[in-house]
Every structure is written in C-alpha cells, then in structure tokens.
2 protein chains.
Amino acid sequence: MAVKRRDQDAEQDRAQKRLRARAELAGFAKALGHPARVEIVRFLLARDSCMCGDLVDHLPLAQSTVSQHLRILKDAGLIEGTIDGPRVCYCVAPRALARFQGLVADLRPGPGLTDRECEV
Amino acid sequence: MAVKRRDQDAEQDRAQKRLRARAELAGFAKALGHPARVEIVRFLLARDSCMCGDLVDHLPLAQSTVSQHLRILKDAGLIEGTIDGPRVCYCVAPRALARFQGLVADLRPGPGLTDRECEV
DNA sequence: ATCGTCTATCGTGAATTAACGATAGAAGGG
DNA sequence: CCCTTCTATCGTTAATTCACGATAGACGAT
C-alpha cells in the first residue's frame, strides 16, 4: 500500500513534469513563432555578445514593433536585457536556449506518456 | 570581376538560404506554439506508430478543435495523415521533425549572418 | 439502402497578435 | 538646465488564433 502510494506519487510527479515541459516547450516555440523574432535571436547569436538597438536598423520594422518583439522574447526568457548607459544591451539567455534545445531534442519516439487523459 | 560576381551570387545564395531557414524555423515553432499541439506530437511519438482520433479522447478539447490543431500541424508539415478505412491515421513526419530539430540545434553563437539589412 | 461512426469543414464569437505612430522616461552632452 | 538620443509603453486598428457547435462527407456494418 505504502509502495503503491509512492508509485502513485511518482506517477503524478511525472505527469506534472510532463505538463510543465509541455507548457515550457509551447512557450518557447510560440516566442520563436515569428520570423522577426527568429532573426533577432540569430542576430544576437551572430554577434559574439550582446547588442542594443542596432536591431532596429537591422530589421525593417518600426522601433516600437522591434521593442515589442524583444519584450515577447524577454517574457519567454530567451533573451535578457541590461541597461548600459543610455542604451539597452540584449543577449540571448544561454540556459533558456539550451533548455529549449533540450526539449526539442527530446521529441523522439518512445515512451514517456501514459494513456490518462491530459490537461492542456 | 567574374570572381566577384560569383562571390556576390554566393553571398546572395547564403542570404536566401538564411531567409528560408528563418521562415522555416518560425513556421515549425509557430505550429508547436500551443500546448495542445505539443501534446499531440508527444502523443503520436509515444505510440510506436500512427494513431487516429484517440487524440480526441486524450485531449480535453472538442473534436473540431482537435481537428483544427491537427490541420495546423499538418500544414506545417510536422505530421501526416493517411485515411485508413473510416478513420484517419496520423503520425509525425520524421524528416520534418528532424529538420526542425536541426534548425533549433543550429541556434548557437557564431557567424552565419551579415550586417546587411534583412527582410522579414 | 440505411444507419451509425469518424473526421473535416463551416460559421461564429471572444481573445490574442502584429504593426504602427505618438508619447513618455532615462541618461549623457552641451 | 536644456537638448538630443535611445528605449519602453500607450492606444489603435487590422488580422489572426482559439474554441465551440452544427453540418456535411466518407466508409463499414447491418
């Protein structure tokens, strides 16, 4: 009984973890679900380190629109911005990017899912 | 001159390739930018092979909504559906998934981008 | 042929997103 | 202090997304 309880708990734990992983992956993917935002991340990665509002020059979008895309990426945790004098310096968050890459790489055939109805 | 021309062409080629890669990655990411669609892909992967409308039982969503999510994933190329008698059998498209994983894995520091203004 | 089942599509409404211009706040230079 | 520059935010509009019920098409079974 005690064992069974632990099994249930463990199962519930795994379910919780799956739920979180799903939401996490969806959040990252959604943030990258726009060409401009993909380009922002690639641009920031191409520059060895951070970068400020050259993005506005680089992208054919209004400054406010770029700022909005930056906020979406920042909310998703994929980039970070630090104030640097009158400018802001953005760079990708390596841990978040690695996490995203790990979640995507984990999308492979195999178990890791039960039959129980899932919440979304 | 001819050499320079070839260089220009090559550069233009790379630019085109980047443009396509960006749109491709954004498209895949957008398709996975919803928890229900992430769950669909995971569910299809967990079952060894394809699966039909058990997804409707698995997900707490209306059948029409599930069908819509399936269409989005199919439009993105991430899954394929084949008619199997009165049902439809879905499975992930391995090549597309691998392509997506490759594009995501390629998001790493380094060159691969020029300074020229880009189109979005 | 008719029924029941399974799935896709249509039509709809609420919510979200994308883009912009305009405005406001912060910081440095004169 | 004032001005300029850089960035974030506000407000708006058009477009898209998400979810649903209702409907329609395909197919096997009866």
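All values reported here derive from a predicted model rather than from experimental measurement. Hydrogens, waters and symmetry mates play no part in the numbers below; they use all other heavy atoms, side chains included. Residue numbering restarts at 1 for every chain, and letters A, B, ... go by the order of the sequence lines.
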I'd like a list of close polar pairs between nucleotides 13-17 of chain D and the protein, N/O only, cut-off under 3.5 Å.
residue : atom : partner : partner atom : Å
D/dT17  : OP1  : B/Lys30 : NZ           : 3.2

In whole angstroms, how far is the [atom2] atom of [N] from the [atom1] atom of [X]?
X       : N      : atom1 : atom2 : value
A/Leu32 : C/dT17 : CG    : P     : 15 Å
A/His58 : D/dT7  : NE2   : P     : 16 Å
A/Ile79 : D/dT7  : CD1   : P     : 12 Å
A/Ile83 : C/dG25 : CD1   : P     : 15 Å

Is any side-chain heavy atom of A/Leu61 less than 4.5 Å from a side-chain heavy atom of A/Val56?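 They are not in side-chain contact.
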Side-chain heavy atoms of B/Thr65 within contact of B/Leu59, under 4.5 Å: no
For nucleotides 2-8 of chain C, which of its nitrogen or oxygen atoms have a protein nitrogen or oxygen under 3.5 Å away, and what is each distance?
residue : atom : partner : partner atom : Å
C/dT7   : OP1  : B/Gly53 : N            : 3.2
C/dT7   : OP1  : B/Val88 : N            : 3.4
C/dA8   : OP1  : B/Tyr90 : OH           : 2.3
C/dA8   : OP2  : B/Ser67 : OG           : 3.0
C/dA8   : N7   : B/Gln63 : NE2          : 2.8
C/dA8   : N6   : B/Gln63 : OE1          : 3.1

Nearest-0.5 Å distance that lies between atom CG in B/Leu19 and atom CZ in B/Arg14: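 The distance works out to 15.0 Å.
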How far does CZ of B/Arg22 sit from CG of B/Leu103, to the nearest 0.5 angstrom?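 With rounding to 0.5 Å, CZ (B/Arg22) is 12.5 Å from CG (B/Leu103).
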Among residues two or more places apart or on two chains, list those pairs meeting salt bridge (charged side-chain N to carboxylate O under 4.0 Å, His left out) that have a residue in residues 86-102 of chain B. B/Glu24-B/Arg99
Let me check something: any side-chain donor-acceptor pairs from residues 66-83 of chain B under 3.5 Å, sequence neighbours excluded? List them with distances.
residue : atom : partner : partner atom : Å
B/His69 : ND1  : B/Arg37 : NH1          : 2.9
B/Arg71 : NH1  : B/Asp75 : OD2          : 3.0

Side chain to side chain contact (heavy atoms under 4.5 Å, CB included) filter on B/Ala23, not counting sequence neighbours, yields none
Check the phosphate of D/dC18 against B/Thr65, side-chain N and O only, distance under 4.0 Å to OP1 or OP2. Yes or no? no
Salt bridge (charged side-chain N to carboxylate O under 4.0 Å, His left out) involving A/Asp106 - partner list, sequence neighbours excluded: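 Partners of A/Asp106 by the salt bridge (charged side-chain N to carboxylate O under 4.0 Å, His left out) criterion come out as none, since no residue qualifies.
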